[in-house]
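Take a look at the structure below.
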Number of protein chains: 2
Amino acid sequence: MSSQDEQRPPTELELGAYFALIEVSSLLRHTIEQQLQEVGGLSYVQFQLLATLGDAPTGTRRMTELADGVVYSRSGLTYQVGLLEKAGLVARSPAVDDERGVDVTVTDAGRDVLAAVFPGHIAVLRELFLDPIDSDAIAGLGATLTVIRDHMRRIPPRSARPRNGRHQTS
Amino acid sequence: MSSQDEQRPPTELELGAYFALIEVSSLLRHTIEQQLQEVGGLSYVQFQLLATLGDAPTGTRRMTELADGVVYSRSGLTYQVGLLEKAGLVARSPAVDDERGVDVTVTDAGRDVLAAVFPGHIAVLRELFLDPIDSDAIAGLGATLTVIRDHMRRIPPRSARPRNGRHQTS
DNA sequence: TCTCATCGCTTCGAATTCGAAGCACCTAGG
DNA sequence: CCTAGGTGCTTCGAATTCGAAGCGATGAGA
């Protein structure tokens, strides 16, 4: 951990990219969240979950898959899926091949909500994020961020660290 | 609001950029938050607040300025500044020229914590965000995101909407 | 087969977040 | 000077988040 802190300070350019990234995503997410709330009564997380399920070929995913896709804690996921289930937008069922697992599936109502919310979502996305830059910039942005994302995914075991080694890192 | 929903669906490229943005910032923030917590017992928000104050020429800012810079709600800001004050990292004092305003100032202890946390912060930043791409890509990323950010800042009045007209939007 | 460490998910309590309402102050109009 | 409306921040209650602990199921080794 404290192997070689000997690193040069980031340039202004690097810091600028970092700050801009944080602020843009923060602002964008905030605005989208409002839109989702107004139109479909969804939080951003709930939308992400529904969208992830909607993307799945069968509309079904395991809890763990959802957790990984959304970066949130397992307990938070349980909570949100619970809300979605109570709202009738998803259904939970025990996984067939593993009695401990839980499969989550979008319901038709869930797909309806998704469809209802999407246009507004896109509109905000366009207005805030896509409109101000040309398509070349978008392509570049996407390419760079994708590289970073793939790199990040490789580095840390996100949602499933070793449960608890009997020796801490110290 | 529903003036012309007639918009073409986003291309795969555009969606990719959007998703990558959300995931990268989410992952990055999450990891940085862990680092900050371990080293300085700071949450990301607290770090942002301290850093913002540290950047200010006099180490002092108004509450509202802080809220704008960090995008959070006013009440949340009050809460966090309260925590920082209790920890002795910042000091609150009534603004000189406006009795209702509150000036927040970093203390020496606050600057110490900031200094203690910074190297780790940078290390994570490098490892996750800067290392995987070359400096051209970083420059491009920063430029594009800055354009978007400036655009976003112009659009919505962030933390201080009209208090409440006597007629809602409905 | 039996045993035990591990895995997938949920429950629990604590911390953080937000919006609405409230309080004190400022500022313009009479 | 007095009043009315707007501004800056805080308080309050509800909702969401997380990590740690708990529970049943799984699977590898004896």
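By convention in this document, chain letters (A, B, ...) are assigned in the order of the sequence lines, proteins followed by strands, and residues within each chain are numbered from 1. Quantities reported herein were computed from a predicted structural model and do not represent experimental measurements.
The stretch residues 10-22 of chain A participates, sequence neighbours left out, in these salt bridge (charged side-chain N to carboxylate O under 4.0 Å, His left out) pairs: A/Glu14-B/Arg126. For residues 28-68 of chain B, the pairs satisfying ring pair (Phe, Tyr, Trp, His ring centres under 6.0 Å) are B/Phe47-B/His121, with sequence neighbours left out. Here salt bridge (charged side-chain N to carboxylate O under 4.0 Å, His left out) pairs that include residues 104-123 of chain A, with residues two or more places apart or in two chains, number zero.
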Check: protein-nucleotides 12-17 of chain C nitrogen or oxygen pairs below 3.5 Å:
| from | atom 1 | to | atom 2 | distance (Å) |
| --- | --- | --- | --- | --- |
| C/dT16 | OP2 | B/Tyr79 | OH | 2.6 |
| C/dT17 | OP2 | B/Gln80 | NE2 | 2.3 |

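Over its full length, the helix from C/dT1-D/dA30 to C/dG30-D/dC1 turns its helical axis through 10°, comparing axes from the five pairs at each end and rounding to 10°.
A donor-acceptor pair under 3.5 Å is absent between the side-chain atoms of B/Thr52 and the main chain of B/Leu66, judged by distance alone.
For B/Glu99, the side chain to side chain donor-acceptor pair (under 3.5 Å) criterion is met by no residue, not counting sequence neighbours. For the side chain to side chain donor-acceptor pair (under 3.5 Å) test, residues two or more places apart in sequence or in another chain that qualify with A/Thr105 are A/Thr60. Residues passing the side chain to side chain donor-acceptor pair (under 3.5 Å) test with B/Ser75 are B/Ser73, sequence neighbours excluded. Residues meeting the salt bridge (charged side-chain N to carboxylate O under 4.0 Å, His left out) test with A/Arg29, sequence neighbours left out: none.
When the options A/Glu65, A/Gln48, A/Arg61 are evaluated for a side chain to side chain contact (heavy atoms under 4.5 Å, CB included) with A/Leu53, the one that passes is A/Arg61.
Of the residues in residues 49-62 of chain A, those placing a heavy atom less than 4.0 Å from an atom of DNA chain C are A/Arg62, in numerical order. Contacts between residues 84-101 of chain A and DNA chain D, defined by a heavy-atom separation under 4.0 Å, are made by A/Asp98, A/Glu99, A/Arg100.
The two atoms that bring B/Val113 and B/Leu89 nearest to each other are CG2-CD2, 3.7 Å, heavy atoms only.
Remark: C1' of C/dG8 and CG of A/Leu66 are 13 Å apart, rounded to the nearest angstrom.
Using a 4.5 Å cut-off between side-chain heavy atoms of Ile, Leu, Val, Met, Phe, Trp and Tyr, B/Leu83 falls into a hydrophobic cluster with B/Tyr79.
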